[in-house]
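Fair warning: this is a prediction, and the values are worked out from it, not measured in the lab.
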Amino acid sequence: VKLSRFFIAIKQPYHFFQGFLAWMMFGILRKKIRIIGVTGTDGKTTTSTMIYHLLKHAGKKVALISTVAAYIGDQEIDTGFHVTTPSPFSLQKLLGNIAKQGYEFVVLEATSHGIHQFRLLGIQPEIVVLTNITHEHLDYHGTYDHYLKTKASFLGCAKIAIINKQDKSESMVRQFLRKKELRVISYDVKTCEPSIRSVLMKYISEPYNRENALAAITACMSLHIPTEVCIKGIQSFKGVKGRM
């Protein structure tokens, strides 16, 4: 493990250079676009797709970049990995194309590897949602603390951070963000608005997907999407390809 951490560390300048070069080539040329980031150990793809669906349901021009695929209008683009954030060049080029086509929003799924390897360098999200942080990917990050700080660093780039009150990482993430100039919102299925809780219990069978759905609703409501529009959007959500 120590040896693998050593090789990861010495590659960091290379990853930074790649991220910076990609941003110089594509990122600084794109028009302003509102980015909603989603990170966490579990539920990233589902939550990202739910946010994308809710914004579309609200009549917004929105694109999605997930580990499964990128969706720009009627176009579906294979992002190549199905497990991680695309390379900085692919990602910045995709964002540039989305901006050129006049999209207002893009929902971006972000993995810890992508964050740590500077694939998101130069990206300034308006909102970042954190689903949870469990003891996974420690073969790469070494310790839970380092893994948590990697995830939390992406939240620190946003204006609004949305975190799961039921996850044990919540207090530690809040502590990490305490000196950042951003708004932190916690979501909790047990204490959310009765109308929202009612639709979650009725239309979503699994507790973890209720958390994902509430994260998506909270993000959209932070963008001033009306509660009733979010509720109707969740009722029409058909799921995610490749996910239960």
Side-chain angles (χ1 to χ4, degrees), residues 18-39 44-111 113-115 117-129 154-155 157-160 162 212-213 215-226 229-230 232-234 236-243:
Q18 275 204 322
F20 179 76
L21 184 60
W23 177 69
M24 289 294 292
M25 289 176 63
F26 301 107
I28 62 175
L29 298 176
R30 67 172 182 262
K31 298 176 183 177
K32 185 172 178 60
I33 188 168
R34 302 172 74 181
I35 297 174
I36 301 101
V38 180
T39 193
K44 294 186 296 295
T45 301
T46 299
T47 303
S48 299
T49 309
M50 283 179 165
I51 295 171
Y52 169 70
H53 174 78
L54 293 181
L55 289 175
K56 281 186 71 176
H57 183 78
K60 304 298 182 181
K61 192 168 184 181
V62 56
L64 169 67
I65 301 175
S66 78
T67 57
V68 173
Y71 295 91
I72 307 172
D74 295 328
Q75 186 180 15
E76 179 180 341
I77 302 168
D78 191 333
T79 48
F81 294 101
H82 300 279
V83 291
T84 191
T85 303
S87 74
F89 294 99
S90 298
L91 179 58
Q92 293 286 2
K93 188 175 181 180
L94 273 172
L95 289 171
N97 288 335
I98 289 167
K100 286 178 184 178
Q101 293 181 48
Y103 282 81
E104 182 181 3
F105 295 99
V106 59
V107 184
L108 173 62
E109 180 183 348
T111 65
H113 289 65
I115 297 166
Q117 294 176 6
F118 299 104
R119 296 181 213 161
L120 305 166
L121 186 69
I123 293 172
Q124 295 181 310
E126 183 170 338
I127 295 172
V128 173
V129 175
F154 187 47
L155 277 80
C157 298
K159 296 178 182 178
I160 300 173
I162 297 174
N212 294 335
I217 290 171
T218 305
C220 290
M221 289 177 63
S222 298
L223 296 167
H224 307 294
I225 305 300
V229 174
C230 293
K232 289 181 180 178
I234 286 296
S236 64
F237 184 68
K238 301 297 184 184
V240 182
K241 182 172 66 175
R243 298 292 189 273

Q: Identify the two heavy atoms, one from F105 and one from I36, that lie closest to each other, and give their separation to 0.1 Å.
A: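 Answer, listing the atom of F105 first, then I36: CD2-CD1, 3.6 Å.
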
Q: Between T67 and E109, which heavy-atom pair has the shortest distance, and what is it?
A: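 Scanning both residues completely, I find the closest heavy atoms to be N-OE1, 3.0 Å.
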
Q: Distance-only, no hydrogens or angles: does the Q92 side chain make a donor-acceptor pair with backbone N or O of L121 under 3.5 Å?
A: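 Between the backbone of L121 and the side chain of Q92 there is a qualifying donor-acceptor contact (under 3.5 Å).
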
Q: Under 3.5 Å, which donor-acceptor pairs link side chains of residues 49-59 to any protein atom two or more places apart or in another chain?
A:
residue	atom	partner	partner atom	Å
T49	OG1	T45	O	2.7
H53	NE2	G233	O	2.9
H53	NE2	S236	OG	2.9

Q: What pair of heavy atoms forms the shortest contact from P125 to G37, and how long is it?
A: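 Of all heavy-atom pairs spanning P125 and G37, the closest is CB-N, 4.3 Å.
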
Q: What are the two closest non-hydrogen atoms of A63 and I98, and how far apart are they?
A: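 A63 and I98 have their closest heavy atoms at CB-CD1, 3.8 Å.
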
Q: Would you name the heavy atoms of A219 and I162 that are closest together and state the gap between them?
A: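 Heavy atoms of A219 and I162 come nearest at CA-CD1, 3.4 Å.
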
Q: Would you compute the distance between atom OG1 of T46 and atom NZ of K44 and round it to the nearest 0.5 angstrom?
A: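 With rounding to 0.5 Å, OG1 (T46) is 10.0 Å from NZ (K44).
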
Q: I want to check something: taking the side chain as every heavy atom from C-beta on, are Q124 and K159 in contact at a cut-off of under 4.5 Å?
A: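 Result no, sub-4.5 Å side-chain heavy-atom pair not found.
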
Q: Does any pair with a residue in residues 61-76 pass salt bridge (charged side-chain N to carboxylate O under 4.0 Å, His left out), and if so which ones, sequence neighbours excluded?
A: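 Listed once each, the pairs are E76-K241.
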
Q: Working to the nearest 0.5 Å, report the span between CD1 of I127 and CG of L223.
A: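 One finds 3.5 Å between CD1 of I127 and CG of L223.
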
Q: Indicate yes or no for a side-chain donor-acceptor contact from Y71 to the backbone of V62 under 3.5 Å, with no hydrogens or angles considered.
A: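 Checked: no pair found.
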
Q: Answer whether the closest heavy-atom distance between the side chains of T39 and L155 falls below 4.5 Å.
A: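 T39 vs L155: side chains touch.
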
Q: Please examine the side chains of L91 and L108, heavy atoms only from C-beta on, and report whether any two atoms are closer than 4.5 Å.
A: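 Yes - at least one pair of side-chain heavy atoms lies under 4.5 Å apart.
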
Q: If you round to the nearest 0.5 Å, how far is CD of Q101 from CD1 of I33?
A: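 Going from the CD1 atom of I33 to the CD atom of Q101 covers 9.5 Å.
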
Q: side-chain hydrogen bond (donor to acceptor under 3.5 Å, both in side chains) with E104: which residues, sequence neighbours excluded?
A: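 Only R34 meet the side-chain hydrogen bond (donor to acceptor under 3.5 Å, both in side chains) criterion with E104.
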
Q: Just verifying a value: how many Å separate I77 CD1 and I72 CD1, rounded to the nearest 0.5 Å?
A: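 It comes to 4.0 Å.
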
Q: CZ of F154 to OG1 of T111: how many Å apart, nearest 0.5 Å?
A: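 These two atoms lie 10.0 Å from each other.
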
Q: Excluding sequence neighbours, so at least two apart, what forms side-chain hydrogen bond (donor to acceptor under 3.5 Å, both in side chains) with S48?
A: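 For S48, no residue satisfies side-chain hydrogen bond (donor to acceptor under 3.5 Å, both in side chains) once neighbours in sequence are set aside.
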
